[in-house]
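Since the structure comes first, as structure tokens, the remarks are kept for the end.
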Amino acid sequence: MTARPETAAFQGERGAFSEEAARRLLGRRVKVLPCQRFEDVFRNLSEKKVQAAVVAIENTLHGSVHENYDHLLHHDLPIVAETSVRIVHNLIAKPGVKFRDIRRAFSHPVALNQCLNFFSEHPQIEKVPFYDTAGSVKMIMEEGLADAGGIASALAAPNYGATILKRSIEDDRRNFTRFFLLRRPEFARKFPVKTNSRTQWKTSVVFTTRNVPGALFRSLSAFALRDLNLAKIESRPLRGKPWEYLFYLDFFGHVDDPVSQNALRHLREVADFCRVLGCYPRGD
């Protein structure tokens, strides 16, 4: 008997880069639930309306998605996988519309700013901010605009019956967004068992320190003394405590390894608060 496809929530409209990430993480048969806000994505998973959630966590050009770091703290939804999607922006329009007809290009402000060379080369086209990349294509099709295009992923074109006029118009070909796959705690009660010795694992944690000299140094020494490589560290304001911070940290190592367990035990001894957010294979 074939298992029923899972449903994953993501922020944005159908055809968004997040949908592409969901299909990479969960397979082509996955069903998707587009959400308007990141908060909706986390809430739908917490309330068991979906089986998984896919959220953007950082972009190589624009840095971290800070809102989602806050949501990871406030929702007990473990990270179980990650993937990176190359951001390829395409100018998409109604079938029959020619490139010479385009006078406006709608898209998310971040996407517009990643295509500045294109707009410099085509000054007749006005940049128009919109709430979502794929949503701009959806709007153009619904309103039947014949002088406008949307800038979005290639996946958005077939989703809305649109046509790609110009492919890969982004300025930087090394533009990637990293996504996390989240599950509910009962699904990820145990972090994944190591598949083989060649798999490189990452563990994500969040912690706070006392506001005293050397506190962060002592926290990070838990990893340095054990030769554990840090992939990333990110600070976020601690709400309700002005000028104090949460630290989000990714390190290479499986949470069940004795070395990792000793490092986390050491960190908990010097930190005010520490929580493991997930353990997952290093993404592509």
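Reckoned from all heavy atoms, side chains included, excluding hydrogens, waters and symmetry mates. Counting begins at 1 with the first residue of the sequence.
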Review point. Side chain of Ser168, backbone of Val88: donor and acceptor closer than 3.5 Å?
Key: no

Review point. What's the verdict on salt bridge (charged side-chain N to carboxylate O under 4.0 Å, His left out) for Lys232 and Glu234, showing C-alpha distance, side-chain angles and the deciding distance?
Key: CA-CA 7 Å; Lys232 182 179 181 180; Glu234 177 86 13; 3.7 Å; yes

Practice item. May I have the step-by-step check of side chain to side chain contact (heavy atoms under 4.5 Å, CB included) for Arg236 and Asp70, ending in yes or no? Key: CA-CA 8 Å; Arg236 294 287 298 139; Asp70 294 339; 2.8 Å; yes

Exercise for review: Say whether Ile92 and Val97 are linked into one hydrophobic cluster, either directly or through other cluster members, by side-chain heavy-atom distances under 4.5 angstrom.
Suggested key: no

Practice item. Determine, using ring centers only, whether Tyr280 and Phe180 are less than 6.0 Å apart. Key: yes

Exercise for review: Quick one: sort the Trp201 and His254 rings into parallel, tilted or perpendicular, breaks at 30° and 60°.
Suggested key: perpendicular

Exercise for review: Would you please name every residue forming a side-chain contact (heavy atoms from CB on, under 4.5 Å) with Phe247, sequence neighbours left out?
Suggested key: Phe207, Thr209, Leu216, Ile233, Ser235, Tyr245

Exercise for review: Given side chain to side chain contact (heavy atoms under 4.5 Å, CB included), test Thr7 with Gln51 step by step and report yes or no.
Suggested key: CA-CA 6 Å; Thr7 301; Gln51 291 77 51; 3.6 Å; yes

Review point. Between the side chain of Asp132 and the main-chain N/O of Glu13, is any donor-acceptor distance below 3.5 Å?
Key: yes

Point to revise | Close side-chain approach of Gln114 to Asp171, heavy-atom, < 4.5 Å | key: no

**Study point:** Neighbour count above 12 (heavy atom, 6.0 Å) for Glu244 CD
**Key:** yes

Exercise for review: Please check if Phe273 and Leu277 belong to a single hydrophobic cluster, counting links between Ile, Leu, Val, Met, Phe, Trp and Tyr side chain heavy atoms closer than 4.5 Å.
Suggested key: yes

Review point. Just by distance, do the side chain of Asn229 and the backbone of Phe252 share a donor-acceptor pair under 3.5 Å?
Key: no

Revision key, fill the gap. Heavy-atom nearest pair, Thr163 first then Pro95, reads OG1-CA, 3.5 Å

**Study point:** Hydrophobic cluster identity match, Leu33 and Leu45, side-chain contacts under 4.5 Å
**Key:** yes

Exercise for review: State the NE2-CZ distance between His108 and Phe130, to the nearest 0.5 angstrom.
Suggested key: 11.5 Å

Review point. Is a donor on one side and an acceptor on the other found under 3.5 Å between the side chain of Ser153 and the backbone of Gly15?
Key: yes

Review point. With a 4.5 Å limit on heavy-atom distance, are the side chains of Asp172 and Leu61 in contact?
Key: yes

Practice item. Rounded to the nearest 0.5 Å, what's the gap from NZ on Lys166 to SG on Cys115? Could you check? Key: 13.5 Å

Review point. Is there a side-chain contact between Asp250 and Thr203 (heavy atoms, below 4.5 Å)?
Key: no

Review point. Out of curiosity, His62 NE2 to Thr177 OG1, how far, rounded to the nearest 0.5 Å?
Key: 9.0 Å

Exercise for review: Classify the ring geometry between Phe42 and His71 as parallel (under 30°), tilted (30 to 60°) or perpendicular (over 60°).
Suggested key: tilted

Check your understanding: So, does Arg184 use its side chain to make a donor-acceptor pair with the main chain of Val50 at under 3.5 Å?
Key -> yes

Review point. Of the options Arg14, Arg28, Lys31, which is the one that meets Glu19 in a salt bridge (Lys or Arg N to Asp or Glu O under 4.0 Å)?
Key: Arg14

Check your understanding: Would you call Glu20-Arg24 a salt bridge at under 4.0 Å N-O?
Key -> yes

Check your understanding: Arg226 side chain to Ala222 main-chain N or O, any donor-acceptor pair under 3.5 Å?
Key -> yes

Point to revise | Whether over 12 other heavy atoms sit under 6.0 Å from Arg174 CZ | key: no

Check your understanding: Can you list the residues that meet the salt bridge (charged side-chain N to carboxylate O under 4.0 Å, His left out) rule with Arg239, with sequence neighbours excluded?
Key -> none

Practice item. Report yes or no: does Arg282 contribute a side-chain atom to a donor-acceptor pair with the main-chain N or O of Thr199 at less than 3.5 Å? Key: no

Exercise for review: Without swapping roles, check the side chain of Tyr248 against the backbone of Tyr69 for a donor-acceptor pair under 3.5 Å.
Suggested key: yes

Point to revise | Donor-acceptor pair, side chain of Asp40 and main chain of Gln11, under 3.5 angstrom | key: no

Revision key, fill the gap. Minimal heavy-atom distance between Thr60 and Asn175, with the atoms involved, is OG1-CA, 3.5 Å

Review point. Taking the side chain as C-beta and beyond, is there a heavy-atom pair between Phe179 and Ser84 under 4.5 Å?
Key: no

Practice item. Evaluate the side chain to side chain contact (heavy atoms under 4.5 Å, CB included) criterion for residues Leu267 and Phe223: first the C-alpha distance (whole Å), next the side-chain angles of each, then the deciding distance (0.1 Å), finally the verdict. Key: CA-CA 8 Å; Leu267 177 61; Phe223 304 95; 4.0 Å; yes

**Study point:** Expected output: side-chain Ser136 to main-chain Phe106 donor-acceptor under 3.5 Å
**Key:** yes

Check your understanding: Would you say Val259 and Asp227 make side-chain contact, with heavy atoms under 4.5 Å?
Key -> no

Practice item. Output every pair passing salt bridge (Lys or Arg N to Asp or Glu O under 4.0 Å) with a member in residues 100-116, not counting sequence neighbours, ordered by first then second residue. Key: Arg104-Asp147

**Study point:** Pairing of Arg37 and Glu39 as salt bridge, 4.0 angstrom limit
**Key:** no

Review point. Taking the six-membered ring for Trp, are Phe17 and His89 ring centroids under 6.0 Å apart?
Key: yes

Review point. Could you state the interatomic distance from CZ (Arg210) to CG (Asp272), rounded to the nearest 0.5 Å?
Key: 5.0 Å

Review point. Taking atom CG of Leu77 and atom CZ of Arg43, what is their separation to the nearest 0.5 Å?
Key: 12.5 Å

**Study point:** Nearest heavy atoms of Ile102 and Ala93, plus distance in Å
**Key:** CD1-CB, 4.2 Å

Review point. If you take all heavy atoms of Leu225 and His266, which pair is closest and at what distance?
Key: CD1-CE1, 4.0 Å

Point to revise | From Glu67 atom CD to Leu72 atom CG, the distance as rounded to the nearest 0.5 Å | key: 11.0 Å

Practice item. Please test Glu6 against Arg183 for salt bridge (charged side-chain N to carboxylate O under 4.0 Å, His left out), starting from the C-alpha separation and ending with a verdict. Key: CA-CA 12 Å; Glu6 293 186 299; Arg183 299 283 195 178; 2.6 Å; yes

Check your understanding: Nearest heavy-atom pair of Leu246 and Leu73: which atoms, and what distance?
Key -> CD1-CD2, 3.4 Å

Point to revise | Leu112 and Phe119: CA distance, side-chain angles, deciding distance, side chain to side chain contact (heavy atoms under 4.5 Å, CB included) verdict | key: CA-CA 9 Å; Leu112 294 174; Phe119 288 107; 3.9 Å; yes

Exercise for review: Indicate, with yes or no, if Ile140 and Ile151 share a hydrophobic cluster defined by side-chain heavy-atom contacts under 4.5 Å among Ile, Leu, Val, Met, Phe, Trp and Tyr.
Suggested key: no

Review point. What orientation do His122 and Phe118 show, parallel under 30°, tilted 30 to 60°, or perpendicular over 60°?
Key: tilted

Check your understanding: Between Ile57 and Ile79, is any pair of side-chain heavy atoms under 4.5 Å apart?
Key -> no

Point to revise | Val128-Leu116 co-clustered via ILVMFWY side chain contacts under 4.5 Å | key: no

Practice item. Indicate the atoms forming the closest heavy-atom contact of Pro185 with Pro78, along with that distance. Key: N-CD, 3.9 Å

Review point. Is the count of non-hydrogen atoms from other residues, nucleotides or ligands lying under 6.0 Å from Phe217 atom CZ greater than 12?
Key: no

Check your understanding: Got Ser204 and Arg275 here, is their nearest side-chain heavy-atom distance under 4.5 Å?
Key -> no

Check your understanding: Does some side-chain heavy atom of Val255 sit less than 4.5 Å from a side-chain heavy atom of Ser260?
Key -> no

